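I have placed the structure first, in the form of structure tokens, so that the comments after it can refer back to it.
Predicted model, so just to flag it, every value in this text is computed and none were measured. In each ligand, atom 1 is the first atom listed, and ligand 1 is the first ligand listed.
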Amino acid sequence: MAQNDEKREKILEIKDLCMEFQDGKQTVKAVNHVSFDVYKGENFGLVGESGCGKTTLGRTLIRLYDPTSGEILFNGKNISGKLNRADRDYVTRNLAMIFQDPISSLNPRMTVQEIIEEGLKTRGEKDKEVLRKAVSDILKKVGLLPEHGTRYPHEFSGGQRQRIGIARSLVVKPSFIIADEPVSALDVSIQAQVINLLMDIKKEMDLTILFIAHNLAVVKYFSDRIGVMYFGNMVELADADELYDHPVHPYTKALLSAIPQPDPLSEKSKERLYYDPSIHDYSVEQPRFQEIRPGHFVYASDSEMEKYRKELEEQG
Ligand SMILES: Nc1ncnc2c1ncn2[C@@H]1O[C@H](COP(=O)(O)OP(=O)(O)O)[C@@H](O)[C@H]1O
Ligand SMILES: [Mg+2]
């Protein structure tokens, strides 16, 4: 069911955001005119295949990169321009990122205590006892023990390391978390544990989460809304149910067709779809990201919109 967007508070507004890299003579448009909002308290799933710009978008939002153009508003405050010290503090206090690889993102020469307390120290906290207590509290919250603080990352399993990564992001008590494929590098058997942990913490700490995944199956169960990226573009965005039941962009349909079905019979009869971007003829009509049903957006030209609308009508 489409929710009433008017009543929900926007925590993040992304307007026509572009992030380009210069690769020799070539310009890589990693994020290409992307616009969407994230509502306070929601779990927003961002999906798309490897290389489509998800990490770049995440890093741009927390201002590890300077956007090439466009605007980012956080709680109504513009955080996309040149940041002075106070603005930079505001961004790092409120937005945090959990990285994909819990091995390479943790400094092997630092103890868990040192790794986790870093964010608080950057913020000027010097009191040893305050730091120790903060780390001990957050370790408990992520299912580790206070005494783990004296150990080094290599002494932990992959799942535990990701818990340390989560603790490091959360110790500063941000309100918005970007979880960049936080379970992709983990054994399938422990992926659900880490996701459940994140969801519990989200509730407890009243967080908003942008959860990045390369595969729709991962975000299917816990996302409120889902955005699909293809080659730097956001091609479709809708409530999770709407996206699953009524996808319109052919790329979304292809991603959905790749999700294995638990029932062997339907798995056998399922048709696997492949996306061929050359089916779009944008030589005359330019595509735009437009609303096809309330809260359901798709990247399409006007004639494609007409075709997609007919498809949706036929589905009832
Ligand atoms: N620092 C960088 N310099 C140059 N190109 C980059 C850089 N980071 C990412 N890219 C390019 O931007 C595109 C998007 O990459 P990325 O955001 O990592 O995608 P994803 O996270 O979806 O796999 C890719 O073509 C990648 O090669
Ligand atoms: Mg990535």
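The Mg ion (ligand 2) has an N, O or S atom of Thr55 under 2.8 Å away, backbone or side chain.
For the pair Gly53 and ligand 1, the shortest N or O to N or O distance falls below 3.5 Å. Considering backbone and side-chain atoms together, Gly51 places an N or O closer than 3.5 Å to an N or O of ligand 1.
Taking CD1 from Ile98 and CZ from Phe211, the interatomic distance works out to 8.5 Å, rounded to the nearest 0.5 Å.
Within 6.0 Å of atom CD in Gln22, more than 12 heavy atoms from other residues, nucleotides or ligands are found, so the atom counts as buried in its surroundings. Around NZ of Lys29, the count of heavy atoms belonging to other residues, nucleotides or ligands within 6.0 Å does not exceed 12. Few gaps surround CZ on Arg272; more than 12 heavy atoms of other groups in view lie less than 6.0 Å from it. Residue Tyr221 places its OH atom among 12 or fewer non-hydrogen atoms of other residues, nucleotides or ligands, all under 6.0 Å distant.
Looking at atom 16 (P) of ligand 1, its nearest protein heavy atom turns out to be Thr56 OG1, 3.6 Å. Closest to atom 12 (O) of ligand 1 among all protein heavy atoms lies Ala30 CB, 3.4 Å. From the protein, the heavy atom lying nearest to atom 18 (O) of ligand 1 is Thr55 CB, 3.9 Å. Here the protein heavy atom with the shortest distance to atom 6 (C) of ligand 1 is Phe21 CD1, 3.3 Å. The closest protein non-hydrogen atom to atom 22 (O) of ligand 1 is Lys54 NZ, 2.8 Å.
Remark: side-chain polar atoms of Glu285 are paired, donor with acceptor, to backbone N or O of Ser303 under 3.5 angstrom.
Near Ser50, with a cut-off below 4.0 Å to any heavy atom, the atoms of ligand 1 are 23 (O).
Contact check for Ser189 versus Gln193: no side-chain heavy atoms found under the 4.5 Å cut-off.
Within 4.0 Å of atom 26 (C) of ligand 1, not a single protein heavy atom is present. For atom 10 (N) of ligand 1, a protein heavy-atom neighbour is present inside the 4.0 Å cut-off.
The proximity of Val28 to ligand 1, defined as any non-hydrogen pair under 4.0 Å, is limited to the side chain.
If you run side-chain hydrogen bond (donor to acceptor under 3.5 Å, both in side chains) between His214 and each of Lys54, Glu49, Glu181, only Glu181 comes through.
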